[in-house]
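Only one structure is covered here, and it is reproduced in the block below.
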2 protein chains.
Amino acid sequence: MTQHELVRRLGVSRGTLHRVLTDSPLVKEATREKVLSELKKLNYTPNALARALKTRKTQTIGILGPSEIKAANINKLNEIYVAARAKGYRIELGYSDGSPEADEACIRELKARMVDGIIALGRGMVDNIPQYQSIIESGTPFISLYPIPGLNADCVYVDTQKAFMELVLHLTHNGHREMGILLDSSVSQYTKNRELGFRAGIEQAGLTLCESFIVRARSTEENAERSDYQLGYELAERAFKMNPRPTALVCFSDELAIGVLRAAEQNGVSVPSQIAIVGYDDFEGAKFARVPLTTMHQPNEVLAQEAVDLMIRRIEQSGPKTSVSIAIPASIVVRESCGCITK
Amino acid sequence: MTQHELVRRLGVSRGTLHRVLTDSPLVKEATREKVLSELKKLNYTPNALARALKTRKTQTIGILGPSEIKAANINKLNEIYVAARAKGYRIELGYSDGSPEADEACIRELKARMVDGIIALGRGMVDNIPQYQSIIESGTPFISLYPIPGLNADCVYVDTQKAFMELVLHLTHNGHREMGILLDSSVSQYTKNRELGFRAGIEQAGLTLCESFIVRARSTEENAERSDYQLGYELAERAFKMNPRPTALVCFSDELAIGVLRAAEQNGVSVPSQIAIVGYDDFEGAKFARVPLTTMHQPNEVLAQEAVDLMIRRIEQSGPKTSVSIAIPASIVVRESCGCITK
DNA sequence: GTGAAAGCGCTAACAC
DNA sequence: GTGTTAGCGCTTTCAC
């Protein structure tokens, strides 16, 4: 059912039809009613592609996304969807494994589909700055959900660095002086900021860091298939063998922390009495872990709302703009795994 | 950069340009090289919307999806994406809360964007049959990832009913005779098939079912906000109070089972010695639960591959077709929570 | 081998 | 108030 056919059946012109469709007041009431009732009957829906081609707007925000929607991203993605929807926008998923080539291909595809703007979901790839830059130069609004040093772009993000510092300080308040951190193998800012926050916390507490307590997963190749749970399990086994060993472990993510909890049990290390464990994310399962996890809650709803609001502002009022950076703080959720509360 | 502009700069016609773009052999080598090199330089990407408008094909599979991408769906979604991508198709997410109205709106939107076919992701809503039927009648290929009684459509699905039966039989082999099942509050086939499989298992084992051991979550309204973890926790508290109580609990999902494990610990019920718990899904965290979960593994990769293959066949060879139904078996993964293996 | 022209379904500017 | 028309960027006949 096209407008062409519609006007034939209705005996009105395309202009009038269009006016009815757009609720224009410049149409006689009788005509409008006739057209509307016929439209309902025929169940007409305008072709969004043709419309977009003409108007140069798709009401769509492209997501420069992960190759896999992982647990860590899914909540953000959902919140973005909800926030966008509420403003009459839809989202379109692009997929990329994060390599510059994949990102470039992903960007090309999103632009070929004429998205109105692009949000980069949870990536911290310094290597991809040229790709991000090219989006901005082409005039397409771009927002990163993670700060990338050297990239002058709008950014809305949860302050991971500060969050990890807060975790460390929380542990020190509870008497810990020898803390370790378990990191994944990526080279993203995502990982780096966790380490930086950890170091900052140690420093602020006036402690000296034992470098060997920074435990990194090995080469990406072999870890590609591993889940965060599995990774945590393996990293913990390394950490438990240390002598002396840390009295507290800060984990890259909640899933990783849960893997650590399992390794702890199997090695006869009791949590939190012998070792404290804290995670990051506050995903749904954190509360139900073997030992309920102390972790940092990410206000993803706020993040998404801010990002979408900013994006729509960028899309709809194209003027001179100076990049903004909106940091959103995570908040600590104290449960049992840090040993700070007695059951 | 449009073809119009391109031909101006290159001094060739649109026809020739198009032939180069589509690797047609009917173009002189010299011309081709000149055009290609210029294309690279200008970083030209054809407008996908305009192309789709003309060719009537978007190389896109629409997903009649959930309003939220939940853990249970995410893995399927990823696998569909990968399988589709490998065949040169992309996916486009529609969102619906599952109500007939939302589904209808979602379908309209997908069709307005001219998706080549629609896959319904993990829903079992009998109420929405008219909506699904309308897709089929309009000639758009449609595949459901869950069987819906009364709907004559292509279907590729994991056989949940058989899976739950298998769980029950596994438990009976281990001596259980009084089993219960914990169900969510939805009225979908999704939930119903679990119950049916459970009942079938009891019957096949020659046992009599205690109806009160079928524990259903209460009204959807108040449960909307609850995670499966939380739901499991609450349902377990009800189950533990029964007297006599079941010696084994079959859970709607792994997440729900993990909630049950927590409730068990808090109520001093030891798993598996005092009560056996089994889940369904084999999600990443199942192995790392408080007590590693015995569960059914869903071969989502196979499911996605079959669904995408079938979909592309339907899209590309439009002929007379008779609906097929492909059932894929889940397989049991025995861990500690059922008590069948000694640590 | 190459070019010209028609049209996918829609919107918007302009005429009546 | 209503109708007409020229494109959006692309593909695809059909001539040459």
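Lettering of chains follows the sequences in order, A, B, ..., and the numbering in each one begins at 1. Values in this document were obtained by computation on a predicted structure and should not be read as measured data.
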query = Do NZ/NE/NH1/NH2 and the carboxylate oxygens of Arg108(A) and Glu101(A) come within less than 4.0 Å?
reply = no
query = Would Glu92(B) and Arg90(A) pass as an ion pair if we require N to O under 4.0 Å?
reply = yes
message = With the threshold set at under 4.0 Å for non-hydrogen atoms, list the residues of residues 25-53 of chain A touching DNA chain C in residue-number order.
response = Tyr44(A), Pro46(A), Asn47(A), Ala50(A), Arg51(A)
ask   = Under a criterion of less than 4.0 angstrom to any heavy atom of chain B, what are the 5'-terminal and 3'-terminal contacting nucleotides of DNA chain D?
value = dG9(D) to dT12(D)
task = Under 4.0 Å from any atom of DNA chain D, heavy atoms only: list the residues of residues 7-18 of chain B that qualify, in numerical order.
result = Arg14(B), His18(B)
task = With the side chain counted from C-beta on, respond yes when Lys87(B) and Gln305(B) share a heavy-atom pair under 4.5 Å apart, and no when they do not.
result = yes
key: Ser325(B): which of Ser144(B), Cys155(B), Pro147(B) passes side chain to side chain contact (heavy atoms under 4.5 Å, CB included)   = Cys155(B)
Electrostatic pair Asp154(A)-Lys321(A), nearest N-O below 4.0 angstrom = no
request  = Name the orientation class of the two ring planes belonging to Tyr190(B) and Tyr146(B) (parallel below 30°, tilted from 30 to 60°, perpendicular beyond 60°).
outcome  = tilted
note = With five pairs defining each end axis, the helix from dG1(C)-dC16(D) to dC16(C)-dG1(D) comes out bent, to 10°, by 50°
query = What distance do Ile312(B) atom CD1 and Tyr89(B) atom OH have between them, rounded to the nearest 0.5 Å?
reply = 5.5 Å
Under-4.0 Å salt bridge between Glu38(A) and Lys41(A) = yes
message = Which residue is it: Leu121(B), Leu77(B), Leu110(B)? I am looking for the one with a side chain to side chain contact (heavy atoms under 4.5 Å, CB included) to Leu93(B).
response = Leu77(B)
Atom pairs, protein N/O to nucleotides 14-16 of chain C N/O, distance under 3.5 Å:
none

task = Under 4.0 Å from any atom of DNA chain C, heavy atoms only: list the residues of residues 106-116 of chain A that qualify, in numerical order.
result = none
